[in-house]
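Worksheet: the structure to be examined is printed underneath.
Quick caveat: nothing in here was measured; it's all calculated off a predicted structure. Just so we're on the same page: letters track the sequence lines, and every chain starts at 1.
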Amino acid sequence: MEMSFNELSYWMGMEEAKLMGVKCKECGAIYLPPRPFCVQCYKDALEWKEFQGDGKLIAFTSIFVVPKSMAEQGYGRDNPYIVGVVELNEGVRIVGRIEGVDTKRPETIKIGMPLKAGFPKAMEAGVSKAYLAFRPA
Amino acid sequence: MSRTPKLGRGVCLVGGAMSKFGMFKGLDYKDLFAQAFLEMLDSVDNGLNPKDIEALYLGNFSSDFFLKQSHLGPVLTDLLGIVPRPAARLEGACASSALAFRAGVQAVASGMYDIVLVGGLEEMSKRSTEEVTEGLAMASSPYEWKTGFTFPGIFATIATAYFERYKASADDLFAVTLKSHENAKLNPKAQFGVTIKELMAQRAEKAKAKGQPVPSWEDERAFLSDPRVNPEIAWPLRLFDCSPISDGACCLLLVAEEIAKGFSDTPVHVVGLGQGSGYPLYLKEDLTQFEATKQAAKEAYAMSGLGPKDIQIAEVHDCFSIAEVIHTEDLGFFAPGEGIKAVNDGLTRRSGPKPINTSGGLKCKGHPVGATGVAQVLEIWLQLRGRAGERQVPIADLRVGAAHNLGGTGGTCTLTILQKKG
Ligand SMILES: [Zn+2]
């Protein structure tokens with residue numbers, strides 16, 4: 001199947017353990033997640049760009065009251081999970097889960113800490129799906 | 001150079017009311033809108049014949065998800081007995097009814113209609129907390145909610161960025177919560193019309209009645225620091241930092257300026273109207289401000305010829321305590337990083353120089369998301385007309401107030417400036 005520069009491809013990239021964004025061949029702008037055209041120069045001369053997944057933590061939270069989909073995966077008040085904003089070395093930011101840290105003691109997590117992307121899998125509505133999770137580098 | 005946005009002709013607010021906000025087992029959204037509508041009719045000084053309403057603009061976020069009901073427009077015109085007048089529902093997450101207000105103002109300003117009803121409603125409490133959490137998260141960017149961000153989670157993330165930059169902590173947000181409760185105590189329509197001190201006494205009373213060990217706290221801050229009564233929702237935000245799940249409705253009557261005196265002895269003019277859009281978290285250059293608010297403020301200030309210093313009171317969108325602090329900075333009331341000091345210094349209390357959220361805010365008045373935007377405007381209208389009862393601000397020459405509404409995680413923000421002239 002032809003991969004389009006869109007959200008679908010972003011999530012499909014994760015299944016192959018890849019963090020996929022795009023680069024504008026015209027002006028060099030890079031985007032993560034991918035988007036259908038360049039919003040700097042408005043040309044649609046895009047190409048795929050794989051991001052390395054190294055970066056640092058910008059901001060985060062530990063979620064104790066969870067949505068239904070996460071409750072079904074066993075998360076909740078006694079088992080919170082962490083999500084955050086990560087700035088990648090390429091200069092763009094992305095949201096992802098933060099793992100390998102103490103979710104019940106979020107005050108021990110330091111903004112600015114170096115992180116590395118991984119792509120673990122979780123069961124969602126009976127289907128195994130990869131997701132973006134950063135761990136301390 | 002962009003031109004200054006302006007209204008084609010003057011628009012006045014001449015009536016308005018809200019239902020009680022809360023969690024209602026035996027009432028649905030139609031009942032609540034009916035409450036608001038009937039009280040609105042009473043609020044029009046010289047009366048309104050409902051059959052003269054020419055159009056309805058309604059804000060609602062998610063009746064589709066929460067109630068499995070879409071297409072609310074005709075349900076409401078039927079309820080109000082104004083079929084076949086046109087009705088439209090507008091959606092902008094928690095800013096839905098600010099968008100309805102805006103559409104109503106534009107319809108009158110353009111000369112299309114003279115008399116327009118603007119409303120908002122939401123019914124949420126019959127869903128589980130998990131379902132509501134999921135429903136609200138749908139108003140964030142797809143990459144955010146699919147990553148596991150909740151609404152509280154997004155604002156909690158913003159809070160960590162704010163605390164890191166301005167060397168503040170979650171305990172500094174207690175001042176916002178204490179103020180909200182203090183104000184809501186004076187608002188009979190509020191969901192939580194009770195002070196923290198009273199809540200402490202209630203807890204002790206309850207334990208005593210059940211024969212359990214009676215809890216005690218040194219003061220309100222100790223109470224808010226106690227995880228048994230104030231548990232984490234999304235660290236660093238706790239239960240008392242968050243607005244509740246609410247049902248409620250509110251409506252306002254807008255008319256053309258040239259006929260306003262026929263309805264009201266003291267019409268209030270809509271002088272500023274602004275709206276902006278904003279980025280999801282990962283595209284924001286600065287997590288400690290909302291670009292949509294700044295755009296809305298820029299438009300509304302330009303249209304009105306007024307600035308932040310001219311705004312005597314304001315309702316701002318305190319879906320979470322940290323949000324109130326940031327809005328007071330984005331609207332230009334306080335410098336970046338100073339909002340947290342301002343609330344702790346009491347500057348935004350009802351008796352302070354810049355009263356913020358005299359209604360009790362979303363935190364205590366309640367936050368039926370689709371009704372919130374118009375309910376904020378209602379509070380300013382009541383205050384400007386001296387009809388806010390016990391919570392009337394002690395400002396002698398009160399003429400200008402503003403209502404700031406935020407949708408989703410800052411994707412949509414509005415600012416409405418009202419002025420009493422003459
Ligand atoms: Zn380009």
Side-chain angles (χ1 to χ4, degrees), chain A residues 6-8 10-11 14 21 31-35 39 55 57-73 75-78 80-88 92-99 102-112 122 124 129 131-134, chain B residues 65 127-138 140-165 167 169-171 227 230-239 241-242 245 279-288 320 322 409:
Chain A
N6 62 14
E7 187 186 338
L8 200 63
Y10 177 75
W11 299 116
M14 305 233 166
Y31 299 103
L32 182 72
R35 50 199 313 154
V39 292
L57 185 62
I58 295 297
F60 68 100
T61 177
S62 184
I63 298 188
F64 287 76
V65 173
V66 307
K68 212 167 141 212
S69 56
M70 296 302 281
E72 283 163 6
Q73 294 176 38
Y75 294 101
R77 170 144 317 277
D78 298 324
Y81 61 92
I82 297 199
V83 288
V85 181
V86 176
E87 188 165 292
L88 300 175
V92 300
R93 292 177 176 187
I94 192 68
V95 286
R97 297 267 291 279
I98 313 293
E99 298 185 340
D102 191 345
T103 60
K104 288 182 188 171
R105 293 178 60 226
E107 66 279 6
T108 60
I109 300 167
K110 294 277 172 272
I111 284 177
E124 213 177 288
K129 271 175 91 175
Y131 62 94
L132 174 61
F134 291 89
Chain B
F65 183 84
R127 291 273 134 350
S128 72
T129 299
E130 281 174 1
E131 283 174 312
V132 171
T133 302
E134 182 154 43
L136 290 174
M138 283 160 54
S140 62
S141 98
Y143 298 101
E144 288 166 343
W145 69 262
K146 289 177 189 174
T147 294
F149 274 93
T150 58
F151 249 36
I154 286 186
F155 285 88
T157 300
I158 287 169
T160 61
Y162 187 94
F163 296 161
E164 177 80 5
R165 174 176 299 183
K167 308 291 164 238
S169 79
D171 291 2
N230 194 12
E232 305 287 359
I233 300 295
W235 183 91
L237 300 181
R238 291 169 275 209
L239 180 64
D241 290 301
C242 306
I245 292 168
Y279 290 116
L281 289 179
Y282 54 91
L283 291 178
K284 284 167 88 72
E285 272 177 36
D286 183 350
L287 285 166
T288 65
F320 301 94
I322 183 67
T409 56

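The choice from A/Glu124, A/Arg77, A/Arg97 that makes the most heavy-atom pairs within less than 4.5 Å of chain B is A/Arg77.
Heavy atoms closer than 4.5 Å to chain B are found in the backbone of A/Leu32, but not in its side chain. Proximity to chain B involves both the backbone and the side chain of A/Glu107, based on heavy atoms less than 4.5 angstrom apart. Both the backbone and the side chain of A/Phe60 come within contact range of chain B, each with at least one heavy atom under 4.5 Å from a heavy atom of that chain. Neither the backbone nor the side chain of B/Ser141 comes within less than 4.5 Å of any heavy atom of chain A. Within the 4.5 angstrom heavy-atom criterion, only side-chain atoms of B/Leu283, from C-beta onward, approach chain A.
In this structure, the separation between CG on B/Leu281 and CD1 on A/Ile94 is 10.5 Å, given to the nearest 0.5 Å. Between A/Ile58 atom CD1 and B/Glu164 atom CD the span is 9.5 Å, to the nearest 0.5 Å.
Ring-plane geometry between A/Tyr10 and B/Tyr143 is classed as perpendicular, the angle between the planes exceeding 60 degrees on a 0 to 90 degree scale with a lower cut at 30.
Of all heavy-atom pairs between A/Ala59 and B/Thr160, the closest is CB-OG1, 3.4 Å. Looking at every heavy atom in both residues, A/Thr61 comes nearest to B/Ala156 through OG1-CB, 3.3 Å. The heavy-atom pair separating B/Tyr282 from A/Pro33 by the smallest distance is CE1-CD, 3.5 Å.
Side-chain contact check for A/Val85 versus B/Thr157: some heavy-atom pair is nearer than 4.5 Å.
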Only distances under 3.5 Å count here; give the side-chain donor-acceptor pairs of residues 62-70 of chain A to other protein atoms, sequence neighbours excluded, each with its distance to 0.1 Å.
unit_1: A/Ser62; atom_1: OG; unit_2: A/Thr103; atom_2: O; d: 2.7

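Taking a 6.0 Å sphere around OH of A/Tyr131, one finds it holds more than 12 heavy atoms contributed by other residues, nucleotides or ligands.
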